[in-house]
Amino acid sequence: MYSSNLLGFILAMVSSAFIGSSFIIKKKGLRKAGVSGPRASSGGYGYLLEPLWWIGMITMIVGEISNFVAYIYAPAVLVTPLGALSIIVSAVLAHFLLKEKLQKMGVLGCLLCIVGSTVIVLHAPEERSINSVEEIWELAIQPAFLLYTASVVAISLVLILYFSPRYGQTNILVYIGICSVIGSLTVMSIKAIGIAIKLTIEGINQAKYFQTWIFAMVQYKLFPNDVVWLQALDTFNTAVVSPIYYAGFTSFTILASAIMFKDYSGQSASSIASELCGFLTVLSGTAVLHSTREPDPPTLPDLYTPLSPKVSWYIQGNGEHWKQKDEDGSPPDFITILRQDHFK
């Protein structure tokens, strides 16, 4: 294994451990916040007052910094698939801390992720040598990558404007799709910024190039993608969100990196086939984890959840009754009786 790839591998491992832990810590913070106020998926911000949420955020930041540095020293086709290790961490911690039961087949899924990641690491291509951010810019404005970028923007707009308001709370693929396609562009800009910082530290100033600031601006504009991820995490089971997000995000990132950086250029057919087999093995592991996990129990309505317009209310006081009927005349789903002496 090449020395730069080895460093990238170690940093990716550290990143996965921290990021996988942060999922669980933030989930516990979201649960605590949801008890005393509106849930984050319903627009609530009570989680910002939860210490657990901020501990999870700090853990996530440490993991993301490690991941950021890993992209500097290793190709995206190596670093991104290693994110499967964060799935293993989150699945195991969810079993013990969130009581989201990990069954025996789930353990098999974890093992498949480990085996697949090992195959990917052993057959990963060497990191391409880049001497300036201008070289990255030339790669970014290739017709093929511009076409990919335009496709990502179009898909994201359709998912955000049409599908999200209608199906976001019921179909996990909506939020995950948005995060995955936008995330693939985020990785490309992160890699560009990381290389620019590395070269600047080595004495080759990259801040003088306007391309550096364009990549930084792209990263800033794509930051709200984290809000979509938060909605997915709070709405659906952690052990379901993580594997599906991994599959989508990794697939699109590998595709974007292969188009932009030509990662597979010069590799033998056997190496490419082995790496793809490793990736498919990891996907199989995530599928097994997904199929063996129990969904979150349905959330009971609380004082902060809007009542359905079909609810009928009967109020009794001094022997008189007042009734609010359904607009469509259908029978009430349940009856709430408020007695006058409840307010004494």
Side-chain angles (χ1 to χ4, degrees), residues 2 4-5 8 12 67-68 70-83 120 123-161 173 176-196 198-199 206 209-223 225 245-280 282-283:
Y2 304 99
S4 61
N5 278 12
N67 195 53
F68 174 79
Y71 278 115
I72 299 176
Y73 293 97
V77 296
L78 168 61
V79 177
T80 306
L82 290 178
I120 291 174
H123 296 88
E126 183 181 7
E127 172 70 346
R128 178 173 181 168
S129 178
I130 296 178
N131 298 316
S132 75
V133 74
E134 289 182 310
E135 292 185 30
I136 306 177
W137 180 258
E138 291 298 323
L139 296 173
I141 60 175
Q142 300 173 86
F145 190 73
L146 290 177
L147 178 61
Y148 175 81
T149 302
S151 301
V152 166
V153 172
I155 293 173
S156 300
L157 289 176
V158 171
L159 290 174
I160 293 172
L161 300 179
L173 295 180
I176 298 302
I178 296 171
C179 293
S180 297
V181 295
I182 295 180
S184 66
L185 293 183
T186 302
V187 170
M188 299 303 103
S189 63
I190 285 176
K191 189 170 182 66
I193 296 170
I195 293 175
K198 175 189 174 185
L199 291 173
Q206 300 297 303
Y209 298 114
F210 74 91
Q211 292 92 338
T212 301
W213 301 105
I214 291 179
F215 285 123
M217 183 61 67
V218 169
Q219 180 63 29
Y220 170 76
K221 291 296 183 182
L222 295 179
F223 179 75
N225 191 44
Y245 174 65
Y246 167 81
F249 172 71
T250 305
S251 298
F252 282 105
T253 299
I254 289 177
L255 177 60
S257 183
I259 294 174
M260 181 173 174
F261 291 98
K262 298 180 174 60
D263 294 316
Y264 294 107
S265 178
Q267 270 200 302
S268 65
S270 61
S271 295
I272 297 175
S274 297
E275 190 168 353
L276 290 177
C277 287
F279 179 54
L280 291 175
V282 173
L283 289 182

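Bear in mind that the values here come from a model prediction, so they are computed numbers and not experimental data.
- Not counting sequence neighbours, the partners of L159 by the side chain to side chain contact (heavy atoms under 4.5 Å, CB included) test are I155, F163, I178.
- Smallest separation of non-hydrogen atoms from F68 and I190: CD1-CG2, 3.2 Å.
- Summarising the geometry, atom CD1 belonging to I254 is positioned 4.5 Å from atom CZ belonging to F279; distances are rounded to the nearest 0.5 Å.
- In this structure, Y73 has no side chain to side chain donor-acceptor pair (under 3.5 Å) partners at least two apart in sequence or on a different chain.
- Partners of T80 under the side chain to side chain donor-acceptor pair (under 3.5 Å) rule, at least two apart in sequence or in another chain, are Y71.
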N/O donor to acceptor pairs below 3.5 angstrom from side-chain atoms of residues 142-154, sequence neighbours left out:
from	atom 1	to	atom 2	distance (Å)
Q142	OE1	K262	NZ	2.1
Q142	NE2	L139	O	2.6
Q142	NE2	M260	O	3.0
Y148	OH	S184	OG	2.7
Y148	OH	F252	O	3.2
T149	OG1	F145	O	2.9
S151	OG	L147	O	2.9

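- Summarising the geometry of T212 relative to A196, their closest heavy-atom pair is CG2-CB, 4.1 Å, with the distance given to 0.1 Å.
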Exercise for the section: Run the numbers on I136 and I130 for side chain to side chain contact (heavy atoms under 4.5 Å, CB included), then give the verdict. Expected result: CA-CA 8 Å; I136 306 177; I130 296 178; 3.8 Å; yes
Exercise for the section: Check step by step if side chain to side chain contact (heavy atoms under 4.5 Å, CB included) holds for V77 and F261. Expected result: CA-CA 10 Å; V77 296; F261 291 98; over 6 Å; no
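- Of all the heavy atoms in A76 and M188, the pair that sits closest is CB-CE, 4.4 Å.
- In terms of heavy atoms, E275 sits closest to P125 at OE1-CD, 3.6 Å.
- For the salt bridge (charged side-chain N to carboxylate O under 4.0 Å, His left out) condition, the pairs that include at least one residue of residues 177-192, sequence neighbours left out, are E127-K191.
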Practice task
Verify side chain to side chain contact (heavy atoms under 4.5 Å, CB included) between V79 and N67, making sure each step is shown before the conclusion.
Solution key: CA-CA 8 Å; V79 177; N67 195 53; 3.5 Å; yes
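- Applying the side chain to side chain contact (heavy atoms under 4.5 Å, CB included) test to S129 and every residue at least two apart in sequence or in another chain returns N131.
- The distance from atom CG of L78 to atom CG of N5, rounded to the nearest 0.5 Å, is 5.5 Å.
- For S132, the side chain to side chain contact (heavy atoms under 4.5 Å, CB included) partners are E134, E135, Q206, not counting sequence neighbours.
- Listed by chain and residue number, Y245 satisfy the ring-ring contact (aromatic ring centres under 6.0 Å, His included) test with F249 (two or more places apart in sequence, or in another chain).
- For T253, there are no side chain to side chain donor-acceptor pair (under 3.5 Å) partners at least two apart in sequence or on another chain.
- The line from SG of C277 to CD1 of I120 is 10.5 Å long, rounded to the nearest 0.5 Å.
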Handout entry: Worked verdict on V133 versus W213 for side chain to side chain contact (heavy atoms under 4.5 Å, CB included)
Key = CA-CA 10 Å; V133 74; W213 301 105; over 6 Å; no
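- Smallest separation of non-hydrogen atoms from A70 and A12: CB-N, 4.0 Å.
- Partners of F215 by ring-ring contact (aromatic ring centres under 6.0 Å, His included), not counting sequence neighbours, listed by chain and number: W137.
- Scanning all heavy atoms of the two residues, the minimum distance from D263 to A258 falls at OD2-N, 3.7 Å.
- Listed by chain and number, the residues in a side chain to side chain contact (heavy atoms under 4.5 Å, CB included) with E138 are I141 (sequence neighbours excluded).
- For the side chain to side chain donor-acceptor pair (under 3.5 Å) test, no residue two or more places apart in sequence or in another chain qualifies with S265.
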